[in-house]
Amino acid sequence: MKKGTKIGLGVALLVLGTVAVTSCTQSFCSATDTARIMYAYEPGITRYSAGGSSMLEITDSETGYKYTIENLNVEVATFDTGTDSFKFGTDDNGYASNLNSIIAAAKNSGYIIPTAATTDYFRVFDQLVLESILKEALVKNGGNITVNCNVTDDFTSFKDDIAKYSYKKFVKADGAPLWEVFDEYDAKVRATPSINIDAAPSTDFIAVYKQRINAYANTYRTCLTTVEGKYGSYGSTSDGVYIGAKDWGYAWSKGFFEGLLVFPIGWLIDQIVGGFRGAGLSAGGAALLGIIFVTLIIRSLMLLATFKSTAGNAKMTELQPEIQKIQNKYPNSNTSQAEKQRMAEEMQRLYKKHKINPFSSLLVMIVQFPVFICVWGALSGSSAITNGSIFGLSLALGIKDVLFNATNWTVAGGYSAVTALIVFILMAGAQTVSMLLPQWIQKAKAKKVSKLGKNPAQQQQNTTMKIFTYVMLAMIIFMGFSLVSAMGIYWFIGALFSIAQTLITQHITSKKAKNK
């Protein structure tokens, strides 16, 4: 095989491997989870805080329940024609910042963008959304709700209701299509007599609005949790987004592997992280220990499942001197069919004598690959690991994304890029040692055998195996660079486990051979 062909094949495997891993497991985000994330990204131009003088009363016409809010401060962003953006006072980085990015994208595309006259459209839209959210809270509560915003617990409850039922801006309920309810609000606001229809956002702008919010929401898949609550940091909010609890039935509805492995692994992460959180650990520390313990548990179970194959591989390494002797006896096996046949017969007798299946390593790979995909699905989808960080690094973020963000190299970004770089280097180094260690041991044992002649067939086989190993190593390092930080830690701990497993197994096998 030509060198250029080998390189091309390696690159193709890297790309295909990454695509396969990132598309083999389904997202656990329900429609309401996704809609809450969308609301966190773009909650509108209205901000609600305590300490005001406004009183708001919402009545659900079907049940008659009332949601009464006292001492509420309602602030509506104003449109700055100089910057084509909404601002709360002098603050242009408030809740409207993501809407401003959408405006900028529409402007760059040459579309008509909102103006100061459009403010009323967004304000009335926000009112309809808040009304829908609070009515949903009344229905779920099953009775009247009264909130005094000057009472901390009351105001916290009010904000929690908004967070929990914010999905009403984009979807009516799970199973309903996204954007259906949004389109209904849009039509209703445009029909409001006080709204200047000419000042309402253009159809092109609404299309850009939907495209940008969909793209943002689709980048998040951390909705795998067995405990409903606030998780992560999304869009304009830093105190988390409500994610609904999932059960095993929901997991099976997503797919075979999601039910068989992804959900159980996610459940295990929840139990371990929750246990450490209950013991008083920080969110980041609990998430880190959760990943470590899950890695050790999974790798131990895999070792039990493939123990016979692993032991056979160790025996193969220990028999390397004898294998080398047989190969040296038939230097022309690459061109002579007779020599190739005799060498194969001798190798078969050697394997049979020591009860070795030369294809047992394939079993290990067959078991490892789907497990690896499911672990990735669980770690990249786990809600529990999105809370907190380790030395500024969120375990739910991709290493590449952190490293390529200039802010993450500064104090403002918590120097999270430095942590991400350290995780990547440790992962890459440990994986390199883990994958090449068996070859190093085989090479050391083979040196003890005097060469009777060169065996081109075996040299070609060794070269092929080396290329395969290096391509696999490059693929893992490349994916570790591209996937979430939690996966980098999983690979690092897993590689240390493999190194220890290889050394211990080789030591035991060598000791048994000497005793014989």
Side-chain angles (χ1 to χ4, degrees), residues 32 35-60 65-80 85-102 114 118-141 144-171 181-182 185-186 188-189 192 194-195 209 213 229-243:
T32 51
R36 290 187 188 105
I37 295 171
M38 291 161 68
Y39 182 88
Y41 176 74
E42 206 294 281
I45 67 169
T46 308
R47 184 160 60 187
Y48 307 101
S49 58
S53 57
S54 299
M55 179 174 174
L56 183 65
E57 188 174 85
I58 301 295
T59 302
D60 180 43
Y65 298 144
K66 291 184 179 180
Y67 200 122
T68 305
I69 310 168
E70 301 172 351
N71 300 312
L72 177 66
N73 181 48
V74 181
E75 185 180 5
V76 180
T78 57
F79 191 82
D80 185 342
S85 62
F86 283 99
K87 294 183 179 181
F88 290 106
T90 58
D91 178 17
D92 59 356
N93 293 314
Y95 285 0
S97 60
N98 292 312
L99 178 57
N100 291 338
S101 70
I102 296 172
T118 320
T119 302
D120 280 344
Y121 168 90
F122 288 107
R123 176 182 57 79
V124 175
F125 197 106
D126 290 348
Q127 289 175 356
L128 287 176
V129 171
L130 180 65
E131 182 179 327
S132 181
I133 288 172
L134 298 184
K135 284 181 179 180
E136 186 72 2
L138 288 171
V139 172
K140 299 296 185 183
N141 184 62
N144 296 329
I145 299 175
T146 301
V147 170
N148 182 351
C149 294
N150 287 337
V151 177
T152 302
D153 289 344
D154 280 12
F155 186 63
T156 299
S157 176
F158 168 67
K159 289 195 299 182
D160 283 346
D161 282 340
I162 292 179
K164 189 177 294 185
Y165 306 114
S166 58
Y167 63 82
K168 297 296 289 187
K169 180 173 182 176
F170 298 103
V171 69
V181 66
F182 179 92
Y185 294 145
D186 177 60
K188 192 171 183 179
V189 175
T192 303
S194 62
I195 300 298
Y209 181 96
I213 293 180
K230 285 185 175 182
Y231 296 96
S233 177
Y234 302 85
S236 303
T237 180
S238 59
D239 61 348
V241 168
Y242 263 100
I243 301 296

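Here the CD-CG distance, from E70 to N150, works out to 9.0 Å after rounding to the nearest 0.5 Å. Atoms CD1 and CG, on I58 and D60 in that order, are 10.5 Å from each other to the nearest 0.5 Å. Note: Y209 OH to I102 CD1 = 6.0 Å, rounded to the nearest 0.5 Å. With values rounded to the nearest 0.5 angstrom, I213 atom CD1 is found 12.5 Å from I37 atom CD1. Rounded to the nearest 0.5 angstrom, F79 CZ and N100 CG are separated by 8.0 Å. The CD1 atom of I45 sits 9.5 Å away from the OG1 atom of T118 when rounded to the nearest 0.5 Å.
When all heavy atoms of Y41 and S101 are compared, the pair lying nearest together is OH-OG, 3.4 Å. When all heavy atoms of A50 and C149 are compared, the pair lying nearest together is CB-O, 3.1 Å. Summarising the geometry of K169 relative to G44, their closest heavy-atom pair is NZ-N, 3.7 Å, with the distance given to 0.1 Å. The two residues I133 and S166 come nearest to each other via the heavy atoms CD1-CA, 3.7 Å. Taking all atoms of both residues into account, the shortest heavy-atom contact from A77 to F88 is N-CE2, 3.4 Å. Closest approach of R36 and A163 over heavy atoms only: CD-O, 3.6 Å.
The residues R123 and D120 are annotated as salt-bridged, a charged nitrogen and a carboxylate oxygen being separated by less than 4.0 angstrom.
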Might you work through the side chain to side chain contact (heavy atoms under 4.5 Å, CB included) test for T46 and V129, ending with a clear yes or no? CA-CA 11 Å; T46 308; V129 171; over 6 Å; no
Applying side chain to side chain contact (heavy atoms under 4.5 Å, CB included), run through Y48 and V74 and close with a yes or a no. CA-CA 5 Å; Y48 307 101; V74 181; 4.1 Å; yes
Taking it one step at a time, do Y242 and T32 satisfy side chain to side chain contact (heavy atoms under 4.5 Å, CB included)? CA-CA 9 Å; Y242 263 100; T32 51; over 6 Å; no
Yes or no on side chain to side chain contact (heavy atoms under 4.5 Å, CB included) for D154 and I69, after CA distance, side-chain angles and deciding distance? CA-CA 9 Å; D154 280 12; I69 310 168; over 6 Å; no
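For S49 and N73, the side-chain atoms include at least one donor-acceptor pair closer than 3.5 Å. Side chains of N141 and Y67: a donor-acceptor N/O pair is absent below 3.5 angstrom, by distance only.
At a threshold of 4.5 Å between non-hydrogen side-chain atoms, the residues D160 and T156 count as touching. Here the side chains of N71 and V151 are not in contact, with every heavy-atom distance at 4.5 Å or above. Counting heavy atoms from C-beta on, the side chains of Y167 and V181 never come closer than 4.5 Å. In this structure, P114 and Y121 have side chains that are not in contact, with every pair of non-hydrogen atoms separated by 4.5 Å or more.
The aromatic rings of F158 and F155 lie tilted to each other, with the angle between the two planes from 30° to 60°. Between F182 and F170, the angle of the ring planes stays under 30°, which puts this pair in the parallel group of the 30/60° scheme.
For the side chain to side chain contact (heavy atoms under 4.5 Å, CB included) criterion with F86, the lone passing option out of V76, T119, T78, D80 is T119.
Counting only residues at least two apart or in different chains, salt bridge (charged side-chain N to carboxylate O under 4.0 Å, His left out) contacts with residues 127-136 comprise E131-K135, E136-K140, E136-K168.
Atom NZ of K66 has 12 or fewer heavy atoms from other residues, nucleotides or ligands within 6.0 Å.
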